Amino acid sequence: QVQFVESGGGLVETGGSLRLSCAASGILFSLTTMTWYRRAPGKQRELVAQISAGGNTNYANSVKGRFTISRDNAKNTVYLQMNSLKPEDTAVYYCNGGFMTWGQGSQVTVSS
């Protein structure tokens with residue numbers, strides 16, 4: 001059974017940092033491209049960052065230079081280190097490996 005469990009969100013002030021984690025199960029994690037998405041209130045879900053099985057990364061322009069995606073294949077976990085957070089980063093963050101199943105997400109709120 002495919003499952004993604006996100007954690008690490010919270011409330012932080014502008015300029016602060018958070019590290020999100022996503023534990024995956026039921027997939028061949030080491031062979032899967034993993035993606036972080038976010039959905040802000042009233043907006044569509046958008047891609048934030050992506051990491052391939054080989055470790056190649058891709059970022060949305062809005063987070064380049066501030067966010068870093070990484071993975072630990074031994075733990076079936078993908079991370080998102082978020083620095084210099086802005087109020088516009090406020091959203092529910094999700095991870096996925098291209099499956100129909102979604103986790104509950106992790107709420108990130110950045111106060112101004």
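Here the structure is a predicted model, which is why all the values come from computation and not from measurement. Just so you know, residue 1 is the first one in the sequence shown, and it goes up from there.
- Counting only residues at least two apart or in different chains, salt bridge (Lys or Arg N to Asp or Glu O under 4.0 Å) contacts with residues 76-85 are absent.
- Contacts of Lys64 classified as side chain to side chain donor-acceptor pair (under 3.5 Å), with partners at least two apart in sequence or in another chain: Asn61.
- Using cut-offs of 30° and 60° on the angle between ring planes, the pair Phe4 and Phe99 is tilted.
- With sequence neighbours left out, the side-chain contact (heavy atoms from CB on, under 4.5 Å) criterion links Thr109 to Leu11, Thr90, Gln107.
- By the 4.5 Å side-chain criterion applied to Ile, Leu, Val, Met, Phe, Trp and Tyr, Leu28 is assigned to a cluster that also includes Leu31.
- Under the side-chain contact (heavy atoms from CB on, under 4.5 Å) criterion, Ser17 pairs with Gln81, Asn83, not counting sequence neighbours.
- Legend: residues meeting side-chain contact (heavy atoms from CB on, under 4.5 Å) with Thr77, ordered by chain and number and at least two apart, are Ser21, Ala23, Lys75, Tyr79.
- For residues 2-30, the set of pairs meeting the salt bridge (Lys or Arg N to Asp or Glu O under 4.0 Å) definition, not counting sequence neighbours, is empty.
- Residue pairs that meet the disulfide bond (SG atoms under 2.5 Å apart) test with at least one member in residues 30-97, sequence neighbours left out, are Cys22-Cys95.
- When the ring-ring contact (aromatic ring centres under 6.0 Å, His included) test is applied to Phe29, no partner is found at least two apart in sequence or on another chain.
- When the side-chain contact (heavy atoms from CB on, under 4.5 Å) test is applied to Val12, the partners found at least two apart in sequence or on another chain are Leu18, Leu85, Val110.
- Here salt bridge (Lys or Arg N to Asp or Glu O under 4.0 Å) pairs that include residues 82-108, with residues two or more places apart or in two chains, are Arg38-Asp89, Arg66-Asp89.
- Judged as a side-chain hydrogen bond (donor to acceptor under 3.5 Å, both in side chains), the pairs with a partner in residues 24-37 (not counting sequence neighbours) are, in order, Thr35-Gln50.
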